[in-house]
S.K.: 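This is the structure, below, for whatever I ask next.
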Amino acid sequence: MEHLEIKYLLKSNVDALIDTTVNVKGWVRTKRGNKNVAFIALNDGSIIHNLQIVIDLANFDEALLKKITTGACIGVDGKLVKSQGQGQVVEVLAEAITLYGEADSETYPLQKKGHSMEFLREIGHLRLRTNTFGAMCRIRHQMAYAIHTFFHERGFFYFHTPLITASDCEGAGEMFQVSTIDYTNPPRKEDGSIDYEQDFFGKQTSLTVSGQLEGELGATALGKIYTFGPTFRAENSNTPRHLAEFWMVEPEMAFYDLDKLTALEEEFIKYCVRWALDNCTDDLEFLNKMVDNGLLERLRSVIDAEFVRLPYTEGIRILEEAIANGHKFEFPVSWGTDLASEHERYLVETHFKKPVIMVNYPKDIKAFYMKQNDDGKTVQGTDVLFPKIGEIIGGSVREESYDKLVARINELEIPMKDMWWYLDTRRFGTCPHAGFGLGFERLMLFITGMANIRDVIPFPRASKTAEF
RNA sequence: UCCUCCUUAGCUCAGUUGGUUAGAGCACCUGACUGUUAAUCAGGGGGUCGAAGGUUCAAGUCCUUCAGGGGGAGCCA
């Protein structure tokens, strides 16, 4: 008999299957009943909803039924019928049950009741079987698919940048070293330092902190590319918004200026949010009900809003005005300093009440590769600031002038000996170009309404966190 | 990394100015119930109070250190 997914039975027109025998397989969420009849809520992961299996106790061996507990895996052959009870349209009257795997009820950690996110992190290998994490994983898949679709439809090429790199040009913080050297007895040079020429790659290597620099090589050859892959930061940052291993989306486009860049950033995020609303309805409704009551409203408001373009200088003026009107911030505000989270939140949540794309930052608080403006003070960097989660995108127009770029590198004393290939993009056929980076899990935080970034990736990697 | 709060049953939490045998709800087990929706009702088992020291006649409760976790901050995506 053909095995049918529960999503198919609950979401398709199955009138033709009524009163026929079907086969379903999945994991038991709950079993309840009386001495005549038992009800099993069966979930196979294809959809958040459970299929109700009805068991006439007279037809089954009591020893078998006893083993069908929360968490057990079973297959059921049975007649599909319109449900007698409320709460579901169809249900299956069991005719034969196959027990694939028991789940001892005294030791199986997941209960019918809800669990705290903190507890579920301790059983990361099993939490995927909960409603919340099932919803998260299905949405995560849909978002990945949406991202590929968005760029593919617009002529971007999916461009694969290396995970192992020999350069840390962004200075984006601590990196994880990649080495086959025996660290208890490393080969040494005459001056006592470790001789990486004898290491696997013949030089010191790390896991990448960004695919941007290689992405620029792609954009200056293919026109429009995007990367979508894992990224690594060895920073010991212990917050609900940081991971040591996270997925990043980094488009890079030749011949894009600041206006085209911010337009793409806005269009991209709205596309993803709309995709979620269109394709993850059941999961989002569940999360809206169980995790974050304001979720659906917030998602819809982002689609409808026109993102504010806010020059940094104007942002500072608004914040100084707020202070003059009596608003208290913990940290001072002045032109030239980076904004603290509280300042960004004020602008997004209090002042404008919609997403803000801040542009033209002081050059001293942004990376060396950002395009310098004619004022000599600012660069064409952009941050997309979102309600609740803060910075979701960081991007910029890149400095395409070889002389200006090298001058800035020398000014900041950035070691570029391993970066000669990057400078060649400006030496040979340089072009105006721009790009941005979006933290995929930050997007997931916004889409799902989850509070902690460790709960929007199946197996989070963070400081002291690598058990599962 | 800094600030702050927390750690008591499988889970979520009570536990008074330090004072007999550490409690509840849920979960689990047993039983009842003619179709349940995280079913309901009755009963039962279950704890080295995060770890190590210390103060005290007496510590779940006070002190110190460590570990783990939450929230906030910095860094960023």
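Below, all heavy atoms of this structure are taken into account, side chains as well, without hydrogens, waters or symmetry copies. Each chain gets a letter, A, B and so on, in the order its sequence line appears, and its residues count up from 1. What you are looking at is a predicted structure, and each value in this text was computed from that prediction instead of being measured.
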S.K.: Base, sugar-phosphate alone, or nothing: which one does N452(A) contact when heavy atoms must sit under 4.0 Å apart?
M.R.: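 Here N452(A) touches the backbone only, sparing every base.
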S.K.: Is there a donor-acceptor pair closer than 3.5 Å between any side-chain N or O of K31(A) and the backbone N or O of I68(A)?
M.R.: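 Indeed, once roles are kept as given, a pair shorter than 3.5 Å links the two residues.
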S.K.: Taking atom types as they are modelled, would you say the side chain of Q86(A) forms a donor-acceptor pair with the base of U36(B) within the 3.5 Å cutoff?
M.R.: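 Answer no: no donor N or O sits under 3.5 Å from an acceptor.
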S.K.: Heavy atoms only, 4.0 Å cut-off, all strands: where does E91(A) land among base, sugar-phosphate and nothing?
M.R.: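 Counting heavy atoms under 4.0 Å across all strands, the contact made by E91(A) includes a base.
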S.K.: Identify whether NZ of Lys or CZ of Arg in K270(A) sits under 6.0 Å from the centre of the six-membered ring of W275(A) and within 45° of that ring's axis.
M.R.: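 Output no; distance or angle outside limits.
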S.K.: Just call it for E342(A): base, sugar-phosphate, or nothing, with non-hydrogen atoms closer than 4.0 Å on any strand.
M.R.: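 Nothing, no heavy atom under 4.0 Å.
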S.K.: Please give, in whole Å, the distance from A39(B) C1' to Q84(A) CD?
M.R.: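 Those two atoms, CD and C1', are 16 Å apart.
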S.K.: Please measure how far the C1' atom in G44(B) lies from the corresponding atom in C26(B), and state the result in whole Å.
M.R.: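 Each nucleotide's C1' atom is 16 Å from the other's.
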S.K.: Compare side-chain N and O positions of R345(A) against OP1 and OP2 of G72(B) and report whether any pair is under 4.0 Å apart.
M.R.: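 No, R345(A) has no side-chain N/O under 4.0 Å of OP1/OP2 on G72(B).
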S.K.: Using Watson-Crick and G-U wobble pairs whose two distances are both under 3.5 Å, how do you write the pairing of RNA chain B as dot-bracket, with | for links to another strand?
M.R.: (((((((..((((.....[...)))).(((((.......))))).....(((((..]....))))))))))))....
S.K.: Classify the nucleic acid contact of G437(A) as base, sugar-phosphate or nothing, counting any heavy atom under 4.0 Å across all strands shown.
M.R.: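 Touches sugar-phosphate only.
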S.K.: Taking atom C1' of A32(B) as reference, at what distance in whole Å does atom CG of N36(A) sit?
M.R.: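 It is 12 Å, rounded to the nearest whole Å.
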S.K.: With rounding to whole Å, what would you report as the distance between G15(B) and G19(B) at their P atoms?
M.R.: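 It works out to 13 Å between them.
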S.K.: Classify I393(A) by what it touches in the nucleic acid, base, sugar-phosphate, or nothing, heavy-atom distance under 4.0 Å.
M.R.: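 Counting heavy atoms under 4.0 Å across all strands, the contact made by I393(A) is with sugar-phosphate only.
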S.K.: Below 30° counts as parallel, above 60° as perpendicular, anything between as tilted: where do the rings of F468(A) and H125(A) land?
M.R.: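 Correct class here is parallel.
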S.K.: Compare the minimum distances between each of C29(B), A73(B), C76(B) and the side chain of D338(A), then state the nucleotide with the smallest one.
M.R.: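 So the nucleotide nearest the side chain must be C76(B).
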S.K.: Using the C1' atoms only, state how far A51(B) lies from C6(B), rounded to an integer number of Å.
M.R.: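 It works out to 16 Å between them.
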S.K.: I need the minimum non-hydrogen distance between V92(A) and V22(A), along with the two atoms involved.
M.R.: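 Where V92(A) meets V22(A) most closely, the heavy atoms are CG2-CG2, 4.0 Å.
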S.K.: Once you measure the plane-to-plane angle for F268(A) and F436(A), does it fall in the parallel (<30°), tilted (30-60°) or perpendicular (>60°) bin?
M.R.: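 Correct class here is tilted.
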S.K.: Select from S341(A) and G33(A) the residue whose nearest nucleotide in RNA chain B is closer to the 5' end of that strand.
M.R.: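 Taking each residue's closest nucleotide, the earlier one in sequence belongs to G33(A).
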S.K.: Does anything in residues 458-468 of chain A reach RNA chain B, meaning a heavy atom under 4.0 Å, and if so which residues?
M.R.: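 Only K464(A) qualify.
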S.K.: D383(A) side chain to L385(A) main-chain N or O, any donor-acceptor pair under 3.5 Å?
M.R.: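 Between the backbone of L385(A) and the side chain of D383(A) there is no qualifying donor-acceptor contact (under 3.5 Å).
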S.K.: Among U1(B), U36(B), A39(B), which is the nearest nucleotide to the side chain of K112(A)?
M.R.: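 So the side chain of K112(A) is nearest to A39(B).
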S.K.: For F440(A) and L93(A), take the nucleotide of RNA chain B holding the closest heavy atom to each; which residue's nucleotide lies nearer the 5' end?
M.R.: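 By nearest-heavy-atom nucleotide position, the 5'-most residue is L93(A).
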S.K.: Between G60(B) and U48(B), how far apart are the two C1' atoms, rounded to whole Å?
M.R.: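 Taking atom C1' in both G60(B) and U48(B), they lie 12 Å apart.
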S.K.: For R241(A) and T239(A), test the side chains for any donor-to-acceptor distance below 3.5 angstrom and give the result as yes or no.
M.R.: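 Their side chains do not contain a donor-acceptor pair, so the 3.5 Å distance test is not met.
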S.K.: Between C1' on C3(B) and CD on E330(A), what's the gap in Å once rounded to a whole number?
M.R.: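 Interatomic distance, CD of E330(A) to C1' of C3(B): 10 Å.
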S.K.: Should K35(A) be listed as having a side-chain N or O under 4.0 Å from OP1 or OP2 of U40(B)?
M.R.: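 No, outside the criterion.
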S.K.: Taking only the C1' atom of each, what is the distance from A14(B) to U8(B) in whole angstrom?
M.R.: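 Going atom to atom, C1' in each nucleotide, I get 10 Å.
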S.K.: Starting from C1' on G71(B), measure out to CD1 on I453(A) and report it in whole angstrom.
M.R.: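 It is 16 Å, rounded to the nearest whole Å.
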S.K.: Measure the distance from CG on N238(A) to P on G71(B) and round it to the nearest whole Å.
M.R.: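 In whole Å, G71(B) P and N238(A) CG are 9 Å from each other.
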S.K.: Between U34(B), U36(B), U30(B), which nucleotide has the shortest distance from any of its atoms to the side chain of K66(A)?
M.R.: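 For K66(A), the side-chain atoms sit closest to U30(B).
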S.K.: Taking the six-membered ring for Trp, is the centroid-to-centroid distance between F159(A) and F228(A) below 6.0 Å?
M.R.: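 No: the rings miss the under 6.0 Å criterion.
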S.K.: If I take atom CD in residue E174(A) and atom C1' in nucleotide C76(B), what distance separates them, rounded to the nearest angstrom?
M.R.: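 Those two atoms, CD and C1', are 14 Å apart.
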S.K.: Can you tell me whether the side chain of R442(A) and the base of C76(B) have a donor-acceptor pair closer than 3.5 Å?
M.R.: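 Looking at the base of C76(B), it does pair with a donor or acceptor on the side chain of R442(A) (distance under 3.5 Å).
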S.K.: Take nucleotides 6-12 of chain B nucleotide by nucleotide from the 5' end and write B, S or -, depending on whether a protein heavy atom sits under 4.0 Å from the base, only from the sugar-phosphate, or from neither.
M.R.: ----BSS
S.K.: Measure from the ring center of F329(A) to the ring center of H327(A) and say whether it is less than 6.0 Å.
M.R.: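 Centroid distance F329(A)-H327(A): below 6.0 Å, so yes.
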S.K.: C1' atom, G74(B) versus U65(B): distance in rounded Å?
M.R.: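 Looking at atom C1' only, G74(B) and U65(B) are 27 Å apart.
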S.K.: Any idea which of U34(B), A73(B), G74(B) is nearest the A340(A) side chain?
M.R.: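 The listed nucleotide nearest to A340(A)'s side chain is G74(B).
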S.K.: Classify the ring geometry of Y158(A) against Y226(A): parallel below 30°, tilted from 30° to 60°, perpendicular beyond 60°.
M.R.: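 Parallel: the ring planes of Y158(A) and Y226(A) meet at under 30°.
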S.K.: Mind checking what makes side-chain contact (heavy atoms from CB on, under 4.5 Å) contact with D259(A), not counting sequence neighbours?
M.R.: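 side-chain contact (heavy atoms from CB on, under 4.5 Å) list for D259(A), sorted by chain: D257(A).
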S.K.: My understanding is that only residues two or more places apart in sequence, or in another chain, count here; which of them pass salt bridge (charged side-chain N to carboxylate O under 4.0 Å, His left out) with D19(A)?
M.R.: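 Salt bridge (charged side-chain N to carboxylate O under 4.0 Å, His left out) list for D19(A), sorted by chain: empty.
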S.K.: When you measure from the side-chain N and O atoms of S237(A) to the phosphate of U1(B), is any distance below 4.0 Å, counting only OP1 and OP2?
M.R.: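 Result: no.
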S.K.: Does a nitrogen or oxygen in the side chain of S105(A) sit under 4.0 Å from OP1 or OP2 of C29(B)?
M.R.: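 The answer is yes; a side-chain N or O of S105(A) sits under 4.0 Å from OP1 or OP2.
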S.K.: Between U37(B) and R29(A), is there an OP1 or OP2 to side-chain N/O distance shorter than 4.0 Å?
M.R.: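 The answer is no; no side-chain N or O of R29(A) sits under 4.0 Å from OP1 or OP2.
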S.K.: What residue pairs, at least two apart or across chains, pass side chain to side chain donor-acceptor pair (under 3.5 Å) with a residue in residues 338-349 of chain A?
M.R.: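 Output for this query is empty, none listed.
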S.K.: Expressed in whole Å, how much space separates the C1' atoms belonging to A9(B) and A27(B)?
M.R.: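 Straight-line distance between the two C1' atoms is 11 Å.
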S.K.: In whole angstroms, how far is the P atom of G70(B) from the CG atom of D455(A)?
M.R.: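 It is 9 Å, rounded to the nearest whole Å.
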S.K.: Using 0.5 Å steps for rounding, measure from the SG atom of C272(A) to the CD atom of Q142(A).
M.R.: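 So the gap between those two atoms works out to 11.5 Å.
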S.K.: Which class fits the ring pair F119(A) and H115(A): parallel under 30°, tilted 30 to 60°, perpendicular over 60°?
M.R.: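 Tilted.
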S.K.: Measuring only the C1' atom in each nucleotide, how far is A22(B) from U61(B)? A whole number of Å is fine.
M.R.: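 Nearest-Å result for A22(B) against U61(B) at atom C1': 12 Å.
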S.K.: May I have the distance from R32(A) (atom CZ) to A32(B) (atom P), rounded to whole angstrom?
M.R.: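 To the nearest whole Å, that distance equals 20 Å.
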